[in-house]
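A short write-up of the structure that comes next.
Predicted, not measured: the structure shown is a model, and the values here were computed from it. Throughout, a chain's letter reflects where its sequence line sits, starting with A, and its residues are numbered from 1.
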Amino acid sequence: MRARVYVTLKPSVFDPQGRVVADALVTLGYGDVKDVRQGKFFEVELDGADPATANLSAEAQRAKAETRVTEMADKLLANPVIESYRVEVLE
Amino acid sequence: MRARVYVTLKPSVFDPQGRVVADALVTLGYGDVKDVRQGKFFEVELDGADPATANLSAEAQRAKAETRVTEMADKLLANPVIESYRVEVLE
Amino acid sequence: MKFSVVVFPGSNSDYDAFYAASRVVGEDAALVWHKDTDLQGADVVILPGGFAHGDYLRTGAIARFSPIMGAVKAFADRGGPVLGICNGFQVLLEAGLLPGAMVRNDRVKFVSQLVPVRVEQTDTPFTAACASKQVLRLPIAHGEGNYYAPPEVLAEIEARRQVVFRYSSPSGEVSDAYNPNGSLNSIAGICNRERNVVGLMPHPERASEAQLGSADGRLVLASAVKWAAEGMLRHA
Amino acid sequence: MTVIDSQVLERHGLKPDEYERILQLMGREPNLLELGMFSVMWSEHCSYKSSRVHLKTLPTTGPRVVQGPGENAGAVDIGDGLCAVFKIESHNHPSFIEPYQGAATGVGGIIRDIFTMGARPIALLNALRFGSLDTALARRIFEGVVAGVGGYGNSIGIPTVGGEIVFDEMYAGNPLVNVLCLGISRIDGIVKGAARGAGNPVFYVGARTGRDGIHGATMASAEFDDKSAEKRPAVQVGDPFMEKLLMEACLEVMKTGAVLGIQDMGAAGLSCATSEMGSRGGCGMTIDVMHVPQRETGMTPYEIMLSESQERMLLVVQKGREREVEQVFEKWDLHAVQVGEVIDGSRLKIHERGVLVAEVPNRALTDEAPVYRRPMHEPSWQKDVRQLSLAELGPAPPAQAAFDRLVAAPTIASKRWAYRQYDHSVGTNTIAQPGMSAAVVRVKGTTRGLALSVDGNGRFCYLDPHRGAMLAVAEAARNVACAGGEPIGGTNNLNFGNPERPEIMWQLGEAVRGIGDACRALGIPITGGNVSLYNETEGRAIFPTPVLGVVGLLDDASKTATRTFKRDAAAVVLLGDNLGELGGSEYLAAMHGKVCGPPPALDLKREAALQKLIVALVREGTVESAHDCSEGGLAIALAECTFDSGGIGVTADLALVGDANATLFGESASRIVVSTPEDRVAAVMAAAKSAGVPAAVIGKTGGDRIRLTVNGGAAVNSSVTDAEQAWATAIERKMSGRAPL
Ligand SMILES: Nc1ncnc2c1ncn2[C@@H]1O[C@H](COP(=O)(O)OP(=O)(O)O)[C@@H](O)[C@H]1O
Ligand SMILES: [Mg+2]
């Protein structure tokens with residue numbers, strides 16, 4: 001199973017890196033760039049052979065992976081004070 | 001117009017950050033985490049009111065945006081030596 | 001009295017804090033490994049600067065799960081004085097022992113220089129020896145020291161006098177021109193509501209001897225000694 | 001099985017005669033793995049095959065030398081049973097291809113060389129060269145390199161305390177990234193990179209091995225051309241966190257005494273570590289690649305043996321004490337694994353799952369590598385470029401205009417844009433920070449301090465490599481002396497073009513001769529260094545650029561001086577002669593776009609006397625500030641004394657030599673500007689006289705302007721604030737609008 005967690009700064013939080021990238025793009029001649037926000041993502045590979053989930057349906061396995069990865073995002077991958085996240089189970 | 005550029009280290013390049021995140025997840029009790037790769041993404045907002053593209057069809061505008069953003073990725077957002085990228089035009 | 005300095009993997013100012021506490025201020029000091037769960041009889045706990053776990057995910061994000069953090073939290077809950085310096089401050093934020101979060105410096109680059117820092121509050125264990133509005137010259141060295149808190153949280157910490165240090169001019173004037181990293185309200189350091197947990201981005205332990213360019217930082221650790229001498233340690 | 005034909009040899013960067021030598025040493029045809037090992041070990045980078053005969057001529061001994069060249073780093077005795085362990089290393093080519101990671105992994109590499117010796121690193125310096133900041137490419141490389149140097153050093157917690165940066169179009173396609181690291185060890189705590197004792201286990205620890213950098217070592221030995229793009233994956237991502245763990249764990253494990261030998265895996269990876277440890281210890285080694293921790297699946301023995309993955313170490317452990325060693329590494333979440341053992345004899349045996357896949361006499365890879373006495377020939381243009389006729393340059397610009405231009409020339413301007421990105425206060429040892437002439441760090445537990453400087457002037461070396469190299473040694477030592485440090489050891493990085501060209505080889509030979517001459521005269525043993533060749537792009541070589549790192553000892557770290565004026569109304573004294581020499585100066589480059597003329601003369605006896613004098617004056621506290629005159633000459637040196645002083649101005653009158661601009665901006669060697677209270681002027685003059693050093697009171701501190709006259713005639717009159725602003729922000733202004741990523 002693979003899942004992706006996309007983490008972005010909340011809209012209310014100033015994103016210095018995005019700002020600098022936007023400025024640089026304008027300097028490079030891309031005058032139509034209005035704004036850039038930078039985020040990060042994690043591609044998490046889970047061991048499919050987990051005996052606890054082996055006899056679940058594909059659907060249930062996905063759901064289970066989604067729950068787990070959401071938990072990881074909540075606990076570790078994103079800081080809720082400044083960031084929001086989105087989880088996507090790939091396969 | 002908005003587009004996203006996803007940047008990842010090429011598969012052959014070691015990703016120390018991903019490694020550390022994976023280790024942390026395992027320590028936190030997610031023993032089924034096999035690997036984590038970390039990437040970044042840029043959400044680029046383009047000025048739709050560009051007179052040069054105003055009278056193009058929606059389709060053509062998308063294509064144009066895609067070309068431009070790909071160029072930005074090539075030039076600035078990604079370092080082709082160690083990274084690869086993917087462009088996605090959102091609207 | 002005893003200072004216990006926590007060592008996380010990737011801490012790099014742990015020995016500096018230990019040295020300042022033991023050799024400069026002249027108190028007992030111990031280095032405590034992050035996998036331990038015992039603070040070795042600490043009167044004061046310091047979470048030092050550095051790059052715990054490489055700062056790879058977010059500064060302080062992984063360190064907050066270290067086994068020692070349970071003991072640190074219990075110590076803080078009992079009213080024990082805890083000082084987080086730079087990365088240690090970031091760990092305290094991630095651990096929820098202090099409110100808010102750190103984002104990348106507004107000018108994005110790592111910034112390393114001696115800056116003036118104004119003491120806003122003197123009723124904490126780490127500023128008790130300072131004069132009100134005293135300006136200290138302290139080094140900063142960080143890439144993510146841009147303090148952020150949501151508006152309501154920020155209003156609250158201001159209202160409760162939880163801002164302990166602000167970046168300022170050499171004469172103590174606070175303005176954007178003297179804000180090295182974009183921190184909201186020029187915040188360089190804060191405390192919790194109970195005022196026993198303090199975090200700051202500047203490095204007082206690196207400015208504790210005149211030979212190193214400034215001895216002002218000595219006041220921060222000396223404050224804890226004064227605090228203790230005045231019987232203010234309540235956690236024991 | 002692959003047949004070894006000319007194509008295979010070419011891909012391995014081996015010449016037919018080198019292959020002949022391999023056949024002889026092996027007594028048979030090598031297999032591909034063996035050939036690969038020869039190729040990396042015999043590369044210029046690892047074997048020093050072109051430079052070795054010259055390096056042998058350097059002075060490497062002295063009463064303080066604890067470790068000369070030949071180990072991972074050199075070491076000099078600094079008293080109290082301690083030694084300073086230091087070395088310089090280059091990462092030029094990788095930094096061109098990927099500036100951030102190239103520079104970062106360069107820093108990582110030299111740090112490993114220091115802690116491998118059992119020393120705790122306490123300071124980093126760097127010497128950098130880039131093209132003109134007016135080009136986007138140079139700005140991008142500069143930006144990335146500085147961020148990379150900082151990114152690695154800051155994270156691991158070793159302060160970057162000094163360095164130098166020069167901008168010149170000659171480095172546009174070949175930036176130089178030279179990094180010096182210094183550590184402190186007890187003399188009896190030094191650990192060497194030698195294997196010992198048959199039966200002792202060999203351990204591998206650190207990052208897992210990936211396919212990175214395969215052929216990195218050979219890349220550093222090949223000229224850039226359009227095809228270098230294909231070699232790009234040779235760049236690696238540094239992991240300073242892993243290195244920090246390794247450093248702490250290795251220093252801890254070495255204290256147990258269970259480690260008999262240790263070596264980092266840098267260039268040529270496992271091939272280098274195994275063969276060098278074996279040949280240094282006069283024994284053999286056997287390993288099985290199956291045990292080597294691997295990051296990717298399906299790696300071949302060839303890939304494993306040639307990989308240059310960063311942050312890895314090889315250790316020989318005393319048999320029976322394995323557990324002790326493993327436990328220390330486990331504490332740091334590192335997993336040490338036994339990959340083989342030391343064996344009798346002198347052969348290196350590589351196995352794959354028990355099957356012997358390579359067997360090489362280890363000295364064949366190291367000591368028996370080819371040594372070339374390559375042809376040397378003075379370039380035909382050499383004499384011409386050394387000509388200088390001021391008359392032919394046309395009318396001289398007004399001194400004020402030249403001053404204004406020079407003070408903001410990126411090579412002269414403040415480098416704060418760069419060093420503000422470097423943590424220079426971590427470790428609480430830094431006494432003199434970046435931006436002063438020399439860095440000064442204290443040695444905890446003693447009263448002592450160490451002054452450090454890296455210097456080199458490619459222009460001077462281009463005009464006259466022998467004299468240019470001597471000038472580099474003199475300047476680095478003089479900087480250290482200005483801080484009160486007695487020069488006690490040096491290291492050098494030789495950055496040159498393609499040694500297969502006789503003119504380049506001549507430059508190299510002359511430069512090494514110059515380093516040797518100057519080091520002998522100044523009593524500075526060379527304890528190590530590095531050679532970086534093939535710094536060329538499309539046939540155009542960089543300026544020959546030897547970079548010297550000099551370490552100076554202060555018995556009392558509190559008795560030091562910096563360049564800045566300390567008070568109003570102090571006397572300003574020039575020690576040394578102003579000879580008005582403009583050859584190779586920044587003035588000629590900035591105002592006339594010319595690199596020509598003879599570089600400044602250097603009288604080594606007088607230089608030695610000057611350095612002894614300044615050390616004594618600083619230690620006695622007779623002078624309050626001391627500043628070496630280099631790029632931009634006396635005018636710029638005086639201005640620099642006012643910068644960072646809190647606005648203390650200067651008024652000085654200089655005696656005319658040549659014309660006014662030569663007087664002001666000439667770069668004569670062996671000069672130091674000092675300031676001293678009026679009542680100590682006589683003492684300074686008397687000390688200078690008895691040292692045989694010319695000295696003259698040239699002016700006075702005070703006011704808020706820099707007022708320079710020549711024979712009483714107005715020349716420069718600037719407000720300190722304006723000049724300092726121009727100087728401090730010049731690089732920022734060039735870089736503004738540029739995105740760091
Ligand atoms: N320019 C030089 N001057 C003196 N010694 C040098 C010079 N270049 C290299 N050496 C020495 O040669 C030895 C071989 O260097 P080595 O450690 O094998 O290479 P690397 O640079 O890859 O670490 C070292 O002891 C080094 O100090
Ligand atoms: Mg080496």
If you take all heavy atoms of [X] and [Y], which pair is closest and at what distance?
X      : Y      : value
D/S558 : C/Q211 : N-NE2, 3.9 Å
C/G10  : D/L245 : N-CD2, 4.4 Å
C/F51  : D/N154 : CE1-O, 3.3 Å
D/H424 : C/S112 : NE2-OG, 3.3 Å

Contacting region of [X] [heavy-atom separation from chain C under 4.5 Å]:
X      : value
D/K331 : both
D/A432 : neither
D/R416 : neither

Close side-chain approach of [X] and [Y], heavy atoms under 4.5 Å:
X      : Y      : result
D/Q433 : C/Q113 : no
C/P9   : D/F241 : yes
D/D333 : C/K35  : yes

Check side chain to side chain donor-acceptor pair (under 3.5 Å) between C/N105 and all other residues, then give those that pass, not counting sequence neighbours.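 Partners of C/N105 under the side chain to side chain donor-acceptor pair (under 3.5 Å) test: none.
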Straight-line distance of [X] [atom1] to [Y] [atom2], nearest 0.5 Å:
X      : Y      : atom1 : atom2 : result
D/S155 : C/Y56  : OG    : OH    : 5.5 Å
D/S425 : C/L212 : OG    : CG    : 9.0 Å
D/R420 : C/R107 : CZ    : CZ    : 9.5 Å
C/R206 : D/T430 : CZ    : OG1   : 9.0 Å

Please state whether the side chain, the backbone, both or neither of [X] comes within less than 4.5 Å of a heavy atom of chain D.
X      : result
C/H53  : both
C/S208 : neither
C/E209 : side chain

Below 4.5 Å, heavy-atom pairs only: which of D/G150, D/G151, D/G427 has the largest tally toward chain C?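 Ranked by heavy-atom pairs under 4.5 Å with chain C, first place is D/G427.
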Of all of D/V426, D/I158, D/D239, which one pairs up most often with chain C through heavy atoms under 4.5 Å apart?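 Highest number of pairs under 4.5 Å: D/V426.
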Going by residue number, which parts of residues 12-30 of chain C are within reach of chain D, meaning a heavy-atom gap below 4.5 Å?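 Listed by number: C/N12, C/S13, C/Y15, C/D16, C/Y19.
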Do other residues, nucleotides or ligands put more than 12 heavy atoms under 6.0 Å from D/K566 NZ?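 Atom NZ in D/K566 is packed in, count exceeds 12.
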For D/K559, I'd like to know if atom NZ has over 12 heavy atoms of other residues, nucleotides or ligands within 6.0 Å.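 Not buried by this count: 12 neighbours or fewer within 6.0 Å.
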